[in-house]
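Everything below concerns the one structure shown next.
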Amino acid sequence: MKKTRFSKAETGILEQFWKLGTCSVREILDSLPEEERVAYTTVQTLVYRLEQKGALRKVKKIGNAQLFEPAIDQNEYRSGLVRDLLDLFGGSPRILVSNLLETGTITLKDLKALQNAAPGNKNSRSRGGKGHA
């Protein structure tokens with residue numbers, strides 16, 4: 001499958017579709033936070049661009065309104081972004097996390113919380129997991 005890149009604006013529109021499901025350009029525009037509101041035609045252009053890139057598909061027309069739905073899975077998309085990010089760090093999660101620590105993007109406290117929440121961690125299983133009646 002060919003990797004398709006999306007702009008920040010396109011990704012924002014795609015995120016709204018993942019939240020709302022099948023909807024129109026107007027519904028997407030109305031769902032945007034006030035500080036992110038743009039012209040209707042701007043959202044329409046982004047939606048049509050996402051359709052051309054294969055991220056959205058038309059499902060039906062009601063009156064003059066076209067309804068679209070996501071054509072790509074959110075988890076698959078995000079996993080692809082993570083793989084791309086890891087590639088920038090030579091495929092090494094350690095180098096990536098080291099960089100996040102150096103820049104203050106993530107703290108040791110954050111890492112500890114992630115470690116405790118990780119599947120297979122003894123502490124994560126004891127929090128309402130299997131075996132409790």
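Please read these numbers as outputs of a predicted model, since none were measured by experiment. Numbers for residues simply follow the sequence, beginning at 1. Quick note: numbers below take in every heavy atom, side chains included, and nothing from hydrogens, waters or symmetry partners.
T11 pairs by the side-chain hydrogen bond (donor to acceptor under 3.5 Å, both in side chains) definition with Y77, not counting sequence neighbours. In this view, E34 and R37 satisfy the salt bridge (Lys or Arg N to Asp or Glu O under 4.0 Å) rule, not counting sequence neighbours. Residues satisfying the side-chain hydrogen bond (donor to acceptor under 3.5 Å, both in side chains) criterion with T42, sequence neighbours excluded, are absent altogether. Listed by chain and number, the residues in a salt bridge (Lys or Arg N to Asp or Glu O under 4.0 Å) with R83 amount to none (sequence neighbours excluded). In terms of the side-chain hydrogen bond (donor to acceptor under 3.5 Å, both in side chains) criterion, residue partners of D110 (sequence neighbours excluded) are, by chain and number, T107. For E36, there are no salt bridge (Lys or Arg N to Asp or Glu O under 4.0 Å) partners, not counting sequence neighbours. Looking at residues two or more places apart in sequence or on another chain, you find a side chain to side chain contact (heavy atoms under 4.5 Å, CB included) between V82 and L86. In this structure, the side chain to side chain contact (heavy atoms under 4.5 Å, CB included) partners of L67, at least two apart in sequence or on a different chain, are T22, S24, E27, V59, K60, I62. With sequence neighbours excluded, the residues satisfying salt bridge (Lys or Arg N to Asp or Glu O under 4.0 Å) with D84 are K3, R5.
With a 4.5 Å cut-off on side-chain heavy atoms, L85 and L88 count as touching.
Follow the hydrophobic side-chain contacts under 4.5 Å out from L81 and you never reach V97; the two are in separate clusters. Cluster annotation: L32 and Y48 are assigned to the same hydrophobic cluster (Ile/Leu/Val/Met/Phe/Trp/Tyr, side-chain heavy-atom contacts under 4.5 Å, transitive).
The minimum heavy-atom distance between Y40 and L29, with the atom names listed, is CA-CD2, 3.9 Å. The minimum heavy-atom distance between P70 and L56, with the atom names listed, is CA-CD2, 3.8 Å.
Counting only residues at least two apart or in different chains, salt bridge (Lys or Arg N to Asp or Glu O under 4.0 Å) contacts with residues 6-21 comprise E10-R49, E10-K53, E15-R78. The side chain to side chain donor-acceptor pair (under 3.5 Å) analysis of residues 95-104, with sequence neighbours excluded, yields the pairs S98-E102, T103-T105. The ring pair (Phe, Tyr, Trp, His ring centres under 6.0 Å) contacts involving residues 94-121 comprise nothing, where partners must be two or more places apart or lie in separate chains.
I106 contributes atom CD1, which lies 4.5 Å from atom CG of L111 (distance to the nearest 0.5 angstrom). In this structure, CZ in R26 is found 10.0 Å from CD in Q44, a value given to the nearest 0.5 Å. Note that the CG atom of D87 and the CG atom of L96 stand 11.0 Å from one another [nearest 0.5 Å].
Among L46, I13, I72, the one residue that satisfies the side chain to side chain contact (heavy atoms under 4.5 Å, CB included) test with F6 is I72.
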